[in-house]
Each structure stands twice: as C-alpha cells, then as structure tokens.
Number of protein chains: 2
Amino acid sequence: MSKPIAPASPTESLRATGARVTGARVAILSLLTQANRALSHRDVEQALANEHVDRVTVYRVLDWLTSEGLAHKIADDERVFRFSAVGKHDDPHAHFKCRTCGDVFCVPTGSTPKLNLPAGFKSEEVELNIKGTCARCAG
Amino acid sequence: MSKPIAPASPTESLRATGARVTGARVAILSLLTQANRALSHRDVEQALANEHVDRVTVYRVLDWLTSEGLAHKIADDERVFRFSAVGKHDDPHAHFKCRTCGDVFCVPTGSTPKLNLPAGFKSEEVELNIKGTCARCAG
DNA sequence: GATGTCACTGCAACAGCGTTGCATTATCAT
DNA sequence: ATGATAATGCAACGCTGTTGCAGTGACATC
C-alpha cells in the first residue's frame, strides 16, 4: 500500500534529508505546513512557547529547513524573515503582504512576466510581491 | 530660457517640496540621483564620510525623501533598506539583486503580470524582484 | 544686512532581529 | 547498552534602524 501521491508528513520529510529528526524540527515544520501564511520567527517562537524551544534553535531550524529545500525564506519589508513550507507551494507563486495586519500569504500566479534585462545580466529567480489588503482586513 | 523638459536638479526638487534645503538633503539626493543602483544607508554614510553627516540624519533624510516622493524605499533580503531616486524610474520597473556583489539595480519591465487573487484580497502595489548575477560579476 | 523662529541636525541611548561560540544533551548507528 | 557527533541551550554580541532632547542653521521678515 504505497502512497506515492500523498504528501509526505513532516516527519517523513525530515527523515528523507538524512539528518536527525528532533522535536524542534518536527514541531516547526508541522507548524509551517499547517499555517496558511508565511510565519515569522516570532510567530514560531510564540506558537512553541510551551515546548521550551530556544530562540536560537528556532532560527537554526528555520534556516536549516530552508537549506534543505523544505521551507522558503522570504524577506519582509519590516526587516523580518518569514518562512513557509514548500510542497504545497511548488507551483510558481507570489507573496501577498497585507498592509493592515502585516500577514503574508502565498497566492498562485498564472505566468511569470517577461523581462528585458540589460546585457550581461542573468536572471536566476523571480519574486513577485503584492501589497494590499487581505480578505479579513477588508471585510 | 525656460527648461521645462530638463529634469529637475536635486536642489530644485528639494525647493519644490517647500521644506528647507539643507546640506545633508542636497548631498544625499544628489548621491541617489547619480547612482546607477539602489543605495543602502551604509552606502550613503560611507559616501558622505567627509561631510560630517550624522547616521541618524541620513536615516531621517532618506525616509523624508521617500515620504516626499523623491526616493523609493525597497526592502532587501539582507535586512537592509535600499533607496533609489525617482524621476528616472517613473516607469514601472523591477529590482534586480545580484547574488554575488549584493548590488541592487532598477530594470524596466514591459508589463505587469496578471494576478488571480483570492476573493476579498485587494492589490495596491506590485513589486517584482529578480535575483541573479549582474553584468560586472558575470563578466 | 540683521534678527527671530522653528525645522532640521547631532548626540546619546535604546530596541529588535538575527548571529556566533561553547558547553551540554540527545539522536542514531553500532 | 554504548559511543560518536549532530543538534540544542545559554550567554553574549553585532548590526540596522528608532527615539528623545538640546543645540544649530535655514529662511522669512523687517
């Protein structure tokens, strides 16, 4: 009964990296997977307040998840990094930042725009950031 | 001999705001206008090292220029803000960040991409960030 | 050109996010 | 069960950006 289509659970994803599966890593990756928005370090720290996870460990796990390709690290315009689990966001997507509540959501994008870069410039990654008002704050 | 087509000089632009035209403001706006890339606070501070301009003044002038519409403030993924003079960049443009040297350039974009936002989300501004290698670092 | 007002500057101290070093702990292979 | 070592916790630090307040300099007025 293999499940090739089902998304990997956090623990399975961690196991697949070959590194150690620790409580902090499971907790943080689970959190990112369940969240419907990109979480800041502070968000994660508060959510894990009951689990005695050190600030520094949160930073290290988030960066490690990013380096393993299990999370995306995006820069906010509040000088904060935000993280979202990958997997459900494999498709090209943009980041929507609500100017009222500050939350960042991932939204799918149809196509990436054409670019006319100056000679010699090589594009490796294109990031689309939208700013506006989210449904909750608008409604 | 009016010059309606010529771009306003930094001093003229400052004068037009109605606020005081100070040495720091002229120096910083001139710097931004001449630069071919977006400058960080540190860039500005170093360039003005001989002029005895305080760190805090640089921050305040940069933010003030932004609020007056004379400069754009963009968030970098190094937890730094970068500023570029507006005027030559009135057209819609994207920001190209070189992963090697870290410099940020403004590049023109043909059209903004179509977006299918979730219900209730209102877009107010779209920002396009490209990451890659700049001409100097590639060559 | 002199004078007064208040916007702007400089200085100092602070705040927040993220990083580094090192001793300790806990995961996993054996 | 045991040992190697990856990962954690703790403490101290660094950097970007902010705030409060006293002093100065730009500009309007005379």
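Labels below follow one simple rule: chain letters A, B, ... track the order of the sequence lines, proteins then strands, and each chain is numbered from 1. For the numbers below, each heavy atom of this structure counts, side chains included, while hydrogens, waters and symmetry mates do not.
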Distance test, side-chain N/O of Y59(A) to OP1/OP2 of dG18(C), below 4.0 Å: yes

dT16(D) OP1/OP2 closer than 4.0 Å to side-chain N/O of R42(B): yes

Sugar-phosphate only, base, or nothing, as touched by V80(A) at under 4.0 Å among non-hydrogen atoms: sugar-phosphate

Between P of dA6(D) and CG of L14(A), the distance in whole Å: 17 Å

Atom-to-atom span, NZ of K73(A) to C1' of dT19(C) - whole angstrom: 11 Å

Side-chain N or O of T22(A) closer than 4.0 Å to phosphate OP1/OP2 of dA7(D): no

base_contact_polar (dA7(D) base, R20(A) side chain, donor-acceptor, <3.5 Å): no

Candidates dC27(D), dC17(C), dT19(D) - which lies nearest the side chain of R15(B): dC27(D)

Separation of atom CG in D54(A) from atom C1' in dC22(C), rounded to whole Å: 14 Å

Sugar-phosphate, base or nothing in reach of D63(A), heavy atoms under 4.0 Å: sugar-phosphate

Between dG9(D) (P) and E45(A) (CD): distance, integer Å: 12 Å

Under 3.5 Å: donor-acceptor pair, side chain of S30(B), backbone of V26(B): yes

For atom CH2 of W64(A) and atom C1' of dT27(C), their distance in whole Å: 13 Å

Whole-Å distance separating the CZ atom of R82(A) from the C1' atom of dG16(C): 14 Å

d(CD, E78(B); P, dT16(D)) in whole Å: 10 Å

D77(A)/K73(B) salt bridge by N-O under 4.0 Å criterion: no

Nearest-angstrom distance from the residue atom CG of L62(B) to C1' of dT18(D): 14 Å

Basic-acidic side-chain contact under 4.0 Å: K97(A), E78(A): yes

Nearest-nucleotide comparison on DNA chain C, the residue closer to the 5′ end among A24(B) and S40(A): A24(B)

Distance-only donor-acceptor test (3.5 Å): side chain R79(A), base dT16(D): yes

D43(B) and S40(B): side chain donor to acceptor below 3.5 Å: yes

Donor-acceptor pair under 3.5 Å, R60(B) side chain vs dG17(D) base: no

R82(A) vs H95(A) side-chain heavy atoms within contact, under 4.5 Å: no

5' priority, DNA chain D, between R55(B) and V61(A) [closest heavy atom]: V61(A)

Sugar-phosphate only, base, or nothing, as touched by R25(A) at under 4.0 Å among non-hydrogen atoms: sugar-phosphate

